[in-house]
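Order of the sequence lines sets the chain letters (A, B, ...), proteins ahead of strands, with each chain counted from 1. These numbers come from the heavy atoms of this one structure, side chains and all, not from hydrogens, waters or symmetry mates.
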There are 2 protein chains.
Amino acid sequence: MQRVAGKRFTGERDKQAVEILRNAKLRVTSCRTSLLDLLLHAKDPLTQKELMEALEEQGFNRVTIYRALQTFLDSTIVHRIVTEDRTWRFAITHCGHRGHCHPHFTCRRCGRVRCLDGVAIPAVDLEGHRIESQAMYLWGLCPACLQEAELAL
Amino acid sequence: MQRVAGKRFTGERDKQAVEILRNAKLRVTSCRTSLLDLLLHAKDPLTQKELMEALEEQGFNRVTIYRALQTFLDSTIVHRIVTEDRTWRFAITHCGHRGHCHPHFTCRRCGRVRCLDGVAIPAVDLEGHRIESQAMYLWGLCPACLQEAELAL
DNA sequence: GGCCCAAGCGCAACCGGGTTGCATGAGGGA
DNA sequence: TCCCTCATGCAACCCGGTTGCGCTTGGGCC
């Protein structure tokens, strides 16, 4: 379709994005592939705002993006975390397990949020309760910011 | 002042609320004491909505409540947690330590959120990062709902 | 390759809670 | 009791999430 030069492609869509959509039995549309591309190539979870801005620039409507994200959540293609700033952040779900299977780290200096895929959340046992899932959030300095902070001394 | 019978008291204000305000060097006003009363007598963290509704019923303005909560946060009289529903919940800070020193439990059946004051958050050590604070959220069934769920079987 | 229809999209408008500016009123030290 | 500062209340704004509806399009079927 390629509405505007350099904006919407169909030819060079990321194979991986298309495959994810096919596996989830979802229609392959340009908005969805662009959204998945963004998420697949992001190192860290992206805020709804960041996604909106990037895709609106490409000519997509914010309602469409919003609905695509809802769809992805329903299919557990992505997971969503809420941080202290009350904004949602989205990331591709890598583990088969749905949702909160790993801690999330927020750097107070650069503000980036990182999925700590390799780290297990220590189990807590709570008298009388049935614990079904756990989430853990960490704050501090990421390696890059820590190094810069030390250099500044 | 006692504007309307049964609404705003000055005479019978909770001593504890007044003491908290005095200690924080904040002015003692009817809105603030009512708000603190509510929080002091709540077993669990209350949502901003719950607080607003209770206090608007008493004739206070939502902006005032909003600003009082901001003030309390600044003075660390209360702490605030964000749950998956992206709503804030407020609770009196009991530990001297500011903020997230204990896990929070959300019951998926009754929806209540509970501060687990007595439970420590297991420390996570993260290669290359400096961890400054941690938070943990648990979901499942609280003792009451667990019992009811078992009875229903 | 073309047809058709359910699903996806875009627009416009709504909604509700957080936030701000400003004029008025109240707390509390002098 | 007075007065200054801070708290309050009102109105309005802002912004992101959400919905309804008519148009468009992906993709299965012929």
Side-chain angles (χ1 to χ4, degrees), chain A residues 1-4 7-11 13 17-19 21-36 46-75 77 80 82-90, chain B residues 1-4 7-11 13 17-19 21-36 46-75 77 80 82-90:
Chain A
M1 41 177 293
Q2 193 151 16
R3 290 196 182 171
V4 185
K7 295 279 175 93
R8 299 191 178 188
F9 308 89
T10 44
R13 275 178 190 165
V18 175
E19 196 189 327
L21 289 170
R22 290 262 154 77
N23 286 342
K25 303 209 192 319
L26 294 173
R27 281 200 183 167
V28 178
T29 69
S30 59
C31 178
R32 290 179 178 177
T33 48
S34 297
L35 185 50
L36 278 180
L46 297 173
T47 61
Q48 182 142 355
K49 194 186 171 77
E50 286 167 336
L51 292 169
M52 293 282 181
E53 282 172 0
L55 291 174
E56 283 189 326
E57 203 167 282
Q58 291 177 36
F60 297 106
N61 186 278
R62 80 190 178 100
V63 178
T64 307
I65 305 162
Y66 163 73
R67 285 195 269 231
L69 285 170
Q70 297 305 313
T71 307
F72 292 171
L73 284 175
D74 290 344
S75 322
I77 291 176
R80 182 170 73 177
V82 181
T83 48
E84 285 309 279
D85 54 7
R86 266 182 74 259
T87 58
W88 279 322
R89 286 165 197 267
F90 296 84
Chain B
M1 41 181 291
Q2 192 149 17
R3 290 197 182 169
V4 184
K7 295 280 174 94
R8 298 191 179 188
F9 308 90
T10 43
R13 275 178 190 165
V18 175
E19 196 190 327
L21 289 170
R22 289 263 155 76
N23 286 342
K25 303 213 190 320
L26 294 174
R27 282 197 182 168
V28 178
T29 69
S30 58
C31 178
R32 289 179 177 177
T33 50
S34 298
L35 184 51
L36 278 180
L46 297 172
T47 61
Q48 184 141 353
K49 192 185 171 80
E50 287 168 335
L51 292 168
M52 292 283 181
E53 281 172 1
L55 290 173
E56 283 190 325
E57 203 167 283
Q58 291 174 38
F60 296 105
N61 185 280
R62 82 190 176 102
V63 178
T64 307
I65 305 163
Y66 163 73
R67 284 196 270 232
L69 285 170
Q70 297 305 313
T71 309
F72 292 171
L73 283 176
D74 290 344
S75 321
I77 292 175
R80 184 170 71 176
V82 180
T83 48
E84 286 308 278
D85 54 7
R86 263 182 76 257
T87 59
W88 279 323
R89 288 167 197 265
F90 296 84

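The shortest distance between the side-chain N/O atoms of B:N61 and the OP1/OP2 oxygens of D:dC10 is below 4.0 Å. One finds a side-chain N or O of A:T29 lying less than 4.0 angstrom from the OP1 or OP2 phosphate oxygen of C:dC9.
Note: CZ (B:R67) to P (C:dG18) measures 14 Å, nearest angstrom. If you measure from atom CZ of A:F60 to atom P of D:dT24, you get 17 Å, rounded to the nearest angstrom. Going from atom CD1 of B:I65 over to atom P of C:dT19 covers 14 Å, rounded to whole Å. Taking atom CZ of A:R27 as the reference point, atom C1' of D:dG28 lies 9 Å away to the nearest angstrom. Rounded to whole angstrom, the span from the NZ atom of B:K49 across to the C1' atom of C:dC15 amounts to 12 Å. Distance OH (B:Y66) to C1' (C:dG18): 6 Å, rounded to an integer number of Å. Rounded to whole Å, atom C1' of C:dG8 lies 12 Å from atom CZ of A:F72. Going from atom CG of A:L55 over to atom P of C:dC9 covers 11 Å, rounded to whole Å.
To the nearest 0.5 angstrom, A:K25 atom NZ is 8.0 Å from A:N23 atom CG. Between the CD atom in B:E57 and the OG atom in B:S34 there is a gap of 12.5 Å [rounded to 0.5 Å]. Here the CD1 atom belonging to A:I77 is positioned 8.5 Å from the CZ atom belonging to A:R32, to the nearest 0.5 angstrom.
With distances taken from any side-chain atom of B:Q70 to the nucleotides C:dT19, C:dC9, C:dG28, the minimum falls on C:dT19. The side chain of B:W88 has C:dG18 as its nearest neighbour among D:dT8, C:dG10, C:dG18. Among C:dG28, D:dT8, D:dG17, the nucleotide with an atom closest to any side-chain atom of B:T64 is D:dT8. Checking C:dT19, C:dG8, D:dG17 against the side-chain heavy atoms of A:Q48 singles out D:dG17 as nearest.
DNA chain D is contacted by both B:R32 and B:R86; B:R32 maps to the nucleotide lying nearer its 5′ end (nearest heavy atom per residue).
One N or O donor and one acceptor, one from the side chain of A:R62 and one from the base of D:dG17, sit under 3.5 Å apart.
Residues B:T47 and B:W88 form no side-chain contact, since every pair of their non-hydrogen atoms from C-beta on lies 4.5 Å or further apart. Here the side chains of B:Q48 and B:L69 are in contact, with some heavy-atom distance below 4.5 Å.
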